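The chain is numbered in sequence order, starting from 1. What you see is a predicted model; the values in this text were computed from it and never measured. All ligand and atom numbering here is 1-based and tracks the order in the structure.
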Amino acid sequence: MKTQAVRIHRHGGPEVIQLDEIDLPEPAAGHVRIRNTCIGVNYADIYEREGDHGGPHSAKDLPITMGHMAVGVVDAVGKDVTSHTIGARVGYIGPNSYATLTNMPAARLFSLPDAVTDDVAGGYLLRGLTAEYLLRRLYRVGPGTTALVHAAAGGMGLILGEWGRLLGARMIGTVSSEAKAEVARAHGYDAIINYSSEDFVARTLQETDGKGADVIYDGVGKMAFLKSLDCVRPRGLVVSYGTASGNVGEFDLQRLHSKSIIVTRPTLRSWIAEPDEAAAASKALFDVLSGGQIQTPLGARFPLAKAAEAHRQLESRSVTAPIVLIP
Ligand SMILES: NC(=O)c1ccc[n+]([C@@H]2O[C@H](COP(=O)([O-])OP(=O)(O)OC[C@H]3O[C@@H](n4cnc5c(N)ncnc54)[C@H](OP(=O)(O)O)[C@@H]3O)[C@@H](O)[C@H]2O)c1
């Protein structure tokens, strides 16, 4: 069967992205074919396009059908699939999602509750599962926790703010502009630091009576990581979960010594690797999304042919809600 697929034939900027028509094999045993209805655009896609990030985003063989997640409808089932039937609404975290049709192992699908729309799941499935492990398992935030989140008005920042507040934590966010400060204030943050005009280290210490934040969620990387070590509390945790401003690179381990700081560099895929973990994580996410307990603002929608434009927008630092592709 033919599918439209957004592919790269070489690594580089958004200009290397193109729309191709390719053959998709019938789903193998244990797999299903999904007709994608809403495809999330995430920083992982930018790392995939650039090809030089290493770790879980190490370069794969070219050409690559891009993408890391989508939601859609089961369109065909391979042999031995009993868990899903044609027409079921599903979401997935997996490769080759920038396409009209994608084959995925049935065991890796999340069944979408009726109360979670395709648009919300498209924007928040990957980010929401990430927020779930960051806030509930890697560190358990709750009443008494002060968390600092960098890029608080970005896609990840919004759901971390909303869910962190729901869990009872005190949320402090950094942003690069006053307009973004307004957005973050409306999404769970008790205090906002504009790090373009203010020193976020001094202000975080001031907000925490000189102690420092219990946990710092850093999706910015190069620009924010080392300074974060200066405003985490003794024995606190700095989570380097993303690198929107560039990789952190090497740093001196001695920087952690005087405060016994804990640092981690996690990836979602390790935190939903086991089927029971993935099921529990998605249940927790769908519960908060379905119950209307958190707000989930939606950003721009682009057709597959405009995927390069979607990347430009995400990289432009102007985005304050998740961007999606609609095949
Ligand atoms: N490890 C995981 O499991 C995992 C899973 C999902 C996402 N992530 C990470 O989460 C982070 C956020 O992802 P997102 O898709 O929701 O993006 P986003 O937060 O909407 O966009 C990135 C934000 O980073 C800030 N930033 C600072 N310096 C920047 C620079 N030089 N260029 C671009 N942005 C810069 C900007 O906010 P300000 O202008 O306010 O600074 C920008 O809005 C990414 O780093 C991504 O890799 C990690």
Candidate pair D20 and R7, rule salt bridge (Lys or Arg N to Asp or Glu O under 4.0 Å), full reasoning: CA-CA 7 Å; D20 294 334; R7 299 204 298 175; 2.8 Å; yes
Can you name the atoms of ligand 1, numbered from 1 with element, that are less than 4.0 Å from a heavy atom of G219? 11 (C), 44 (C), 45 (O)
By number and element, which atoms of ligand 1 are closer than 4.0 Å to a non-hydrogen atom of K180? 36 (C), 37 (O), 38 (P), 39 (O), 40 (O), 43 (O)
Atom 39 (O) of ligand 1 [closest protein heavy-atom partner, distance rounded to 0.1 Å]: S176 OG, 2.5 Å
Nearest-neighbour protein heavy atom for atom 32 (N) of ligand 1, which is reported as residue plus atom name and distance: A244 O, 3.4 Å
Any pair counted as ring-ring contact (aromatic ring centres under 6.0 Å, His included), so long as it reaches residues 201-221, sequence neighbours left out: none
Between D118 and R89, does at least one N-O distance fall below 4.0 Å, as a salt bridge requires? yes
What's the shortest distance from atom 15 (O) of ligand 1 to any protein heavy atom, and which residue and atom give it? R127 NH2, 2.9 Å
What atoms in ligand 1 come closer than 4.0 Å to a heavy atom of L268? 2 (C), 3 (O)
Taking atom types as modelled, find out whether T102 and N36 have a side-chain donor-acceptor pair closer than 3.5 angstrom. yes
Using a 3.5 Å cut-off on N or O atoms only, is A44 in polar contact with ligand 1? no
Taking atom types as modelled, find out whether E178 and N194 have a side-chain donor-acceptor pair closer than 3.5 angstrom. yes
With distance as the sole test, does Y189 use its side chain to make a donor-acceptor pair with the main-chain N or O of G161 at under 3.5 Å? yes
If we number the atoms of ligand 1 from 1 as shown, the ones under 4.0 Å from a heavy atom of V175 are 40 (O)
Within the 4.0 Å heavy-atom shell around Y195, which atoms of ligand 1 are there? 38 (P), 40 (O), 41 (O)
Using the ring of each side chain (for Trp, its six-membered ring), is H150 parallel, tilted or perpendicular to Y195, with breaks at 30° and 60°? parallel
Give me the one residue out of H11, R49, R10 that meets side chain to side chain contact (heavy atoms under 4.5 Å, CB included) with I64. H11
Proximal ligand 1 atoms for T243, defined as those under 4.0 Å from one of its heavy atoms: 45 (O)
Short N/O distance, under 3.5 Å, between G155 and ligand 1? yes
Looking at ligand 1, does any of its N/O atoms fall within less than 3.5 Å of an N/O of M223? no
Protein residue, atom and distance nearest to atom 5 (C) of ligand 1, heavy-atom basis: T130 OG1, 3.1 Å
Which ligand 1 atoms, with their elements, are less than 4.0 angstrom from a heavy-atom of G242? 9 (C), 45 (O), 47 (O)
Name the option, out of Y133, Y241, W271, that contains the heavy atom nearest to atom 3 (O) of ligand 1. Y133
Among all the protein's non-hydrogen atoms, which is closest to atom 25 (C) of ligand 1, and how far away is it? A151 CB, 3.8 Å
Taking it one step at a time, do M1 and D23 satisfy side chain to side chain contact (heavy atoms under 4.5 Å, CB included)? CA-CA 6 Å; M1 178 168 270; D23 287 314; over 6 Å; no
For the 3.5 Å polar cut-off, considering only N or O atoms, please tell me whether G157 and ligand 1 meet it. no
What heavy-atom pair brings H311 and V41 nearest, and what distance separates the two atoms? CD2-CG1, 4.1 Å
Is there any ring-ring contact (aromatic ring centres under 6.0 Å, His included) pair reaching into residues 283-310, and which pairs are they, with sequence neighbours excluded? none
Kindly confirm or rule out an N or O of Y47 lying under 3.5 angstrom from an N or O of ligand 1. yes
Any heavy atom of A153 sitting closer than 4.0 Å to ligand 1? no
What's the separation between atom CD in Q254 and atom CZ in F251, rounded to the nearest 0.5 Å? 11.0 Å
Can you name the atoms of ligand 1, numbered from 1 with element, that are less than 4.0 Å from a heavy atom of T267? 1 (N), 3 (O)
Counting only heavy atoms closer than 4.0 Å, does ligand 1 sit against the backbone of P266, its side chain, both, or neither? backbone
How about E162 and H187: does a side-chain donor come under 3.5 Å of a side-chain acceptor? yes
Of Y43, Y124, Y217, which has the heavy atom at the shortest distance from atom 33 (C) of ligand 1? Y43
Considering only NZ, NE, NH1 and NH2 on the basic side and carboxylate oxygens on the acidic side, decide whether K227 and D199 come within less than 4.0 Å. yes
Students should be able to answer this: which protein heavy-atom is nearest to atom 19 (O) of ligand 1, and at what distance? G154 CA, 3.5 Å
Identify which one of N42, T243, N247 satisfies the side chain to side chain donor-acceptor pair (under 3.5 Å) criterion when paired with Y47. T243
So is there a nitrogen or oxygen of E315 less than 3.5 Å from a nitrogen or oxygen in ligand 1? no
Closest to atom 26 (N) of ligand 1 (heavy atoms only, candidates R269, R317, R265, M156) is R317
